[in-house]
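Take a look at the structure set out below.
Predicted model, so just to flag it, every value in this text is computed and none were measured. Here is how names work: the chains are called A, B, and so on, in the same order as the sequence lines, proteins then strands, and each is numbered from 1.
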Amino acid sequence: MKNVNDELLQILACPQCKGPVELVEPQGIVCRACQLVYPIRDDIPVMLIDEAMPLDES
Amino acid sequence: MTREFKNRVRERFGRAADGYIRDAGFATGDDLNTMVELLQPSSDDNMLDVACGGGHTALRFAPLVRSVVASDLSMVMLKKAQEYVSEEGGVDNVIFREADAEDLPFPAGAFTLLTCRIAPHHFPDVPRALSEFHRVLRRGGRMALVDTLMPSDPEVAEWHQEMERLRDNTHIRAFTEEEWTEMVSAAGFIIHETVVVEKTHDFPAWASRGGMSRNDISELNKLFVEAPNKVQDYFQIETFAGEVETYTDQKLLIYASRPPKK
């Protein structure tokens with residue numbers, strides 16, 4: 001995950017609500033407000049609403 | 001942006017990615033130089049390049065700014081761009097994000113500089129994208145947009161639209177200079193300068209870049225050869241023995257900024 005460090009997360013937001021996101025390994029980039037996980041493929045965050053998966057908190 | 005259209009864009013640019021990376025018209029070009037001259041990038045700038053394609057704009061600006069985020073809707077394109085930027089070398093401040101220009105995944109005011117080069121004609125909703133550009137730019141932030149200019153003569157414009165759609169089913173439409181200035185102003189930007197730059201396309205390379213079949217290229221060639229005189233004149237179509245060699249279109253560059261805090 002060399003591409004997704006803290007500084008870079010600061011300039012990422014949820015494309016749906018524009019709110020903050022956090023990196024949760026191994027799932028991906030999580031928006032708690034929208035309950036969505038954005039996957040990371042080959043170190044590149046896929047920040048597309050259509051590609052996001054529902055957040056499974058269990 | 002609908003899922004169906006988005007998939008079409010990804011499919012097309014995935015197929016055509018190599019051609020875009022290698023294309024001389026994208027890698028160089030007067031518009032790229034003019035963008036640098038107008039934006040005057042500095043080492044304080046955090047830049048966003050929307051719809052980065054082959055990464056040419058990102059690579060050109062990277063040595064001049066603090067950081068570049070390059071976004072594109074196509075993962076294949078992003079990977080190729082990443083490869084290209086790392087092969088060309090010399091910069092380590094470019095990062096890549098798969099993103100939709102109409103739903104940008106960045107917080108408000110995250111960037112001081114924004115570029116979007118020869119891409120908006122693929123956007124289903126340009127005003128929405130412009131509103132996103134405005135949101136992610138800090139107050140006072142500068143922006144340069146470049147896109148193919150819609151000819152002002154309706155007959156030439158109609159031919160151009162038909163031609164672009166025949167070549168590329170992800171082409172939505174180009175806009176006239178008046179339409180552009182209206183949309184950019186309506187999104188809340190101050191327009192400082194517009195520049196029209198001519199761009200000559202090597203027809204065989206341009207036609208095959210999008211992954212068209214031989215048959216489709218021959219149809220496209222026919223459309224050019226049989227175009228009315230005023231279209232031939234506008235696009236400076238050059239042919240040899242019935243084959244189109246080059247044509248020239250116009251790109252509009254808009255240099256604008258988000259108004260500073262009052």
Side-chain angles (χ1 to χ4, degrees), chain A, chain B residues 1-7 9-10 14 45-50 52 55 66-83 85-86 92-114 128-129 131-132 134-138:
Chain A
M1 300 258 173
K2 62 180 189 303
N3 241 341
V4 194
N5 63 32
D6 285 350
E7 188 190 358
L8 302 183
L9 271 177
Q10 281 170 13
I11 47 168
L12 260 190
C14 171
Q16 183 162 278
C17 72
K18 318 299 181 190
V21 288
E22 56 187 282
L23 177 63
V24 178
E25 294 189 76
Q27 293 101 315
I29 292 172
V30 167
C31 173
R32 302 257 173 221
C34 297
Q35 293 281 296
L36 289 173
V37 184
Y38 297 94
I40 298 170
R41 297 192 185 122
D42 297 328
D43 286 343
I44 299 178
V46 179
M47 302 304 291
L48 300 173
I49 299 165
D50 283 351
E51 299 283 314
M53 303 292 289
L55 178 62
D56 183 3
E57 301 269 33
S58 61
Chain B
M1 200 179 275
T2 68
R3 181 182 278 260
E4 186 203 345
F5 180 75
K6 191 160 63 189
N7 287 340
V9 170
R10 290 160 134 182
D45 281 315
N46 290 315
M47 168 172 155
L48 173 65
D49 184 36
V50 179
C52 68
R66 182 166 176 268
S67 70
V68 182
V69 176
S71 77
D72 202 277
L73 190 59
S74 160
M75 180 57 90
V76 179
M77 200 81 230
L78 282 168
K79 284 192 197 164
K80 294 279 179 192
Q82 194 170 33
E83 230 175 79
V85 168
S86 89
D92 59 1
N93 59 343
V94 184
I95 56 168
F96 296 87
R97 301 285 179 256
E98 191 174 1
D100 185 337
E102 296 170 7
D103 287 302
L104 289 174
F106 309 109
F111 301 98
T112 57
L113 207 57
L114 188 148
R128 179 170 167 150
S131 142
E132 279 291 81
H134 187 269
R135 182 183 66 80
V136 301
L137 258 187
R138 191 171 300 172

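Here the CD atom belonging to B:Glu98 is positioned 6.5 Å from the CD atom belonging to A:Glu51, to the nearest 0.5 angstrom. In this structure, CG in A:Asp43 is found 12.0 Å from CZ in B:Phe96, a value given to the nearest 0.5 Å. To the nearest 0.5 Å, atoms CD (B:Glu132) and NZ (A:Lys18) are separated by 3.5 Å. Considering CD1 of A:Ile49 and CG of B:Asp103, their distance stands at 4.0 Å, rounded to 0.5 Å.
No side-chain heavy atom of B:Asn46 sits under 4.5 Å from any side-chain heavy atom of A:Ile11.
With B:Met75 as the fixed residue, the side chain to side chain contact (heavy atoms under 4.5 Å, CB included) test singles out one of A:Ile44, A:Asp42, A:Leu48: A:Ile44.
With a 4.5 angstrom heavy-atom cutoff, B:Val136 does not touch chain A via any of its atoms.
Nearest heavy-atom pair, B:Pro107 versus A:Ala13, reported as atom, atom and distance to 0.1 Å: N-CB, 3.5 Å.
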